[in-house]
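The figures that follow rest on heavy atoms only: side chains count, while hydrogens, waters and symmetry mates do not.
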Amino acid sequence: MSDTLIGFVGDDYVLLAADATNAFSIILMKDDEDKIMKLDSHKLLAAGGENGDRVQFCEYIQKNLSLYRYRTGRALGTNAAAHYLRGELARFLRESPYQVNLLMAGHDEEDGPSLYFIDYMASMHKMKMAAHGYGSYFSLSILDRQWRKGMPSTKGSN
Amino acid sequence: MGDSIMSYNGSAIVVMVGKNCVGIASDRRFGVRQQTVATDFQKIYKMHDKLFVGLSGLATDAQTMYEKLKLRLNLYKLREERDIKPSSFSHLIASMLYERRFGPYFVEPLIAGLEGPENKPYICGTDLIGAPVFTNAFWSPELAQNLVRHVRDFVASGFGARGFVEVMAQCLLSAVDRDCLSGWGAVVNIITPD
């Protein structure tokens with residue numbers, strides 16, 4: 001719940017941001033943790049939540065997407081990858097749940113940029129702007145105010 | 001926990017029978033407890049031209065349930081070479097939910113459709129473990145108590161398709177105005193014989 005993730009879609013890009021702290025209750029273990037994992041050349045997965053679950057689940061998805069690529073010779077599209085991810089998270093929900101909140105971002109040739117919000121219970125929604133964690137209480141309202149459809153990249157990073 | 005899990009994501013869906021038509025309406029909010037995440041979330045799915053299903057309750061289970069239903073329906077269509085009847089579909093859902101009696105899907109589905117060659121309006125709702133409720137007026141899951149009160153007033157007058165849209169929309173909107181966990185717009189689907 002405490003890991004903040006923010007993402008939004010611009011005109012031909014998706015921007016993902018994640019906080020870099022790694023805490024063990026009150027002790028700050030690390031402040032340069034990279035919580036955004038590269039799934040393949042055009043997909044990113046930002047994850048927040050329980051540390052072990054976060055790393056394990058992201059690697060699991062990344063390796064399975066690679067396996068698909070090796071088997072079939074083509075990479076999975078963002079929509080398909082997001083649904084696959086949701087399906088796996090939903091399957092584990094009833095067995096041994098992963099407590100990770102995710103933002104998956106991807107860019108396809110036909111569909112363009114897309115962002116998927118997936119919460120730890122595997123509820124998924126394709127969105128133009130999304131955020132997880134305590135930071136979402138602040139950033140969502142700013143995004144509501146400032147986000148416009150098709151922002152050029154300079155404006156987006158502001 | 002059993003009660004709050006159904007209102008974790010917040011949703012309001014209602015089915016109503018009109019004259020020669022059925023309607024199913026839902027709100028569009030997707031929330032995580034008190035925080036609204038999205039305002040364009042889909043809760044009603046078209047299974048075929050004469051059958052719609054609305055899935056209220058926990059969003060993840062609603063999405064999983066929809067995927068399972070789509071699979072079952074596609075298989076049914078391949079085997080039977082026809083579309084499933086709404087009444088058969090409601091029995092299918094009820095049995096799928098009861099299979100998970102002691103670890104249920106936290107969804108309360110509502111089915112709206114036109115049955116048979118005469119296109120008789122059919123609505124049905126079930127609770128999360130598949131106890132079906134067959135009525136011929138209206139139904140809404142227990143969470144949306146306000147909806148029931150609004151809808152009851154309108155049911156007696158059998159509305160034709162055009163007025164029906166307005167009735168359903170207003171019922172839903174006035175009910176969700178009082179419920180902070182549902183709202184942010186509405187979608188009304190009316191099924192008519194044509």
Side-chain angles (χ1 to χ4, degrees), chain A residues 1-9 48-49 79-80 82-104 114-145 147 149, chain B residues 1-2 4-11 26-45 55-72 74 96-97 99-108 128-129 180-185 187:
Chain A
M1 183 56 201
S2 47
D3 288 351
T4 298
L5 308 170
I6 306 170
F8 62 87
V9 177
N79 188 39
H83 276 93
Y84 167 69
L85 191 153
R86 193 208 90 81
E88 291 298 284
L89 205 55
R91 182 165 65 86
F92 285 116
L93 181 69
R94 301 266 167 176
E95 297 168 21
S96 53
Y98 283 102
Q99 282 172 25
V100 261
N101 291 313
L102 303 149
L103 286 181
M104 189 172 129
S114 48
L115 175 69
Y116 290 87
F117 167 101
I118 301 141
D119 87 349
Y120 71 98
M121 289 202 285
S123 322
M124 184 173 84
H125 195 50
K126 183 173 174 195
M127 302 178 67
K128 295 278 184 257
M129 49 185 174
H132 280 291
Y134 289 125
S136 67
Y137 291 114
F138 304 104
S139 47
L140 278 176
S141 40
I142 297 174
L143 285 170
D144 278 337
R145 194 68 190 268
W147 187 88
K149 198 168 144 90
Chain B
M1 189 59 184
S4 70
I5 197 122
M6 292 299 285
S7 55
Y8 184 83
N9 294 124
S11 66
S26 80
D27 72 320
R28 305 220 69 185
R29 180 181 179 273
F30 170 46
V32 172
R33 291 228 169 82
Q34 76 283 10
Q35 189 186 45
T36 298
V37 174
T39 56
D40 57 352
F41 197 66
Q42 185 183 11
K43 294 169 198 178
I44 296 177
Y45 300 97
L55 297 165
S56 70
L58 197 61
T60 176
D61 283 348
Q63 288 176 326
T64 303
M65 197 67 198
Y66 167 63
E67 284 164 11
K68 284 186 183 292
L69 286 171
K70 204 160 83 150
L71 169 72
R72 295 291 291 263
N74 285 342
M96 278 173 77
L97 289 171
E99 270 180 333
R100 298 265 176 271
R101 169 64 180 85
F102 298 107
Y105 290 117
F106 295 104
V107 270
E108 283 178 348
L128 78 170
I129 46 174
C180 59
L181 295 179
S182 44
W184 284 103
V187 164

### Message
Using side-chain heavy atoms (C-beta onward) and a distance below 4.5 Å, is B:Val37 in contact with A:His125?
### Response
no
### Query
Can you find a heavy atom in the side chain of A:Tyr120 that is under 4.5 Å from one in the side chain of B:Thr60?
no
### Message
Please classify the contact of A:Ala130 with chain B as side chain, backbone, both or neither, using a heavy-atom distance under 4.5 Å.
### Response
neither
### Message
What part of A:Leu89 gets within 4.5 angstrom of chain B, counting heavy atoms only: side chain, backbone, both, or neither?
### Response
neither
### Summary
Here the pair of heavy atoms bringing B:Ala38 nearest to A:Met127 is CB-CE, 3.7 Å
### Part of B:Phe41 within contact of chain A (heavy atom distance under 4.5 Å)
both
### Query
To the nearest 0.5 Å, what is the distance between CG (B:Leu58) and CG (A:Leu93)?
8.0 Å
### Basic-acidic side-chain contact under 4.0 Å: A:Arg94, B:Asp61
yes
### Task
Could you walk me through whether B:Thr64 and A:Arg86 pass side-chain hydrogen bond (donor to acceptor under 3.5 Å, both in side chains), step by step?
CA-CA 9 Å; B:Thr64 303; A:Arg86 193 208 90 81; 2.7 Å; yes
### Query
Can a donor-acceptor pair be found between the side chains of A:Ser136 and B:Gln35 at a distance below 3.5 Å?
yes
